[in-house]
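To start, the structure itself, in structure tokens.
We name chains A, B, ... by the order of the sequence lines, and we start the count at 1 in each one.
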Number of protein chains: 2
Amino acid sequence: MTAEIESNFLADIGRRVRALRADQDLTLEQLARLTGISAPALSLIETGKRDARLTTLAKIAAALRVPIRALLEDQTNDASTGGDAPAEGYDLGDYL
Amino acid sequence: MTAEIESNFLADIGRRVRALRADQDLTLEQLARLTGISAPALSLIETGKRDARLTTLAKIAAALRVPIRALLEDQTNDASTGGDAPAEGYDLGDYL
DNA sequence: AGCTGGCTTATCTTTATCGGTAAAACAGTA
DNA sequence: TACTGTTTTACCGATAAAGATAAGCCAGCT
């Protein structure tokens, strides 16, 4: 339950990193040099197997020249799936 | 240089967490129970002294019922209803 | 003064990130 | 079949996050 949502959360981030890297035709080695993060570490993050630190994700976002926000959530709002709507329109789907 | 930008980055996140917590009149103890993160750990994050993991920030955002995006960057220029379009050139100020 | 609540800091243990290196799996392609 | 490039996985050591606990600090209040 909790662990599943967490791994989905990390896997989503990893997919976005990988997609952005592919858009710029960068290899893991190249992104590793740009970020200072090793290629194995990047691979773990992209495959959702590592719970990276905030500054680590910030380095990746900077190297890809996108705001960190672009790595975290879909910019398309979707309808709520759970229960209560917190007054403004967010649902967040109750991460954890 | 690099370390300074990092600490600004973390301090900004911490300030947003603290502001949102204050908006909801929550103490560190209460947020600790909501998130499962200890109050000392939350204090370190809010004061910008800790480089938290992604799932840790996700827990905080969920407890505060805001999208994680709200903790990471200023969204004062958004205020739109559904069409959140980045659309224009980012600078990101070269984190790292 | 003595409280009390909220926050910070310190110490400790467990656990995980992270870089480095190396090896292994997986494409493609000749 | 080999060969090459890319990615994944495994191990190692150093560093750091996170929980727990305790102590310190700083308000406000009786």
What's the [atom1]-[atom2] distance between [X] and [N], to the nearest Å?
{"X": "A/E29", "N": "D/dT4", "atom1": "CD", "atom2": "P", "result": "17 Å"}
{"X": "B/K59", "N": "D/dA18", "atom1": "NZ", "atom2": "C1'", "result": "9 Å"}
{"X": "B/L10", "N": "D/dA18", "atom1": "CG", "atom2": "P", "result": "11 Å"}
{"X": "B/L57", "N": "D/dA17", "atom1": "CG", "atom2": "C1'", "result": "14 Å"}
{"X": "A/L31", "N": "C/dC18", "atom1": "CG", "atom2": "P", "result": "13 Å"}
{"X": "A/L28", "N": "D/dT7", "atom1": "CG", "atom2": "P", "result": "4 Å"}
{"X": "A/R53", "N": "C/dA16", "atom1": "CZ", "atom2": "C1'", "result": "8 Å"}

**Item:** Candidate nucleotides C/dT8, C/dG19, D/dA18, ranked by approach to the side chain of B/T56 - the nearest
**Value:**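 Between C/dT8, C/dG19, D/dA18, the one nearest the side chain of B/T56 would be D/dA18.
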**Message:** If we ignore hydrogens and angles and just use 3.5 Å, is the side chain of A/R18 paired with the main-chain N or O of A/E46 as donor and acceptor?
**Reply:**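 The answer is no, because no donor-acceptor pair under 3.5 Å joins these two groups.
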**Request:** For A/T35 and A/L31, indicate whether the former's side chain and the latter's backbone hold a donor-acceptor pair under 3.5 Å.
**Result:**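 Present.
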**Item:** With B/R15 via salt bridge (charged side-chain N to carboxylate O under 4.0 Å, His left out) - residues at least two apart
**Value:**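 B/D12.
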**Message:** Give the residues of residues 38-51 of chain B touching DNA chain D, defined as any heavy atom closer than 4.0 Å, sorted by residue number.
**Reply:**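 Correct list: B/S38, B/P40, B/A41, B/R50, B/D51.
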**Message:** Strictly below 4.0 Å: does B/R18 bring a side-chain N or O up to OP1 or OP2 of C/dT8?
**Reply:**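 It does, given that an N or O in the side chain of B/R18 lies less than 4.0 Å from OP1 or OP2 of C/dT8.
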**Message:** On the nucleotide C/dG6, are OP1 or OP2 found under 4.0 Å from the side-chain N or O atoms that B/R21 carries?
**Reply:**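 Indeed not, no polar side-chain atom of B/R21 lies that close.
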Measure the [atom1]-[atom2] distance between [X] and [Y] for me, rounded to the nearest 0.5 Å.
{"X": "A/T56", "Y": "B/R53", "atom1": "OG1", "atom2": "CZ", "answer": "11.0 Å"}
{"X": "A/L71", "Y": "A/R16", "atom1": "CG", "atom2": "CZ", "answer": "8.0 Å"}
{"X": "A/T27", "Y": "A/L42", "atom1": "OG1", "atom2": "CG", "answer": "10.0 Å"}

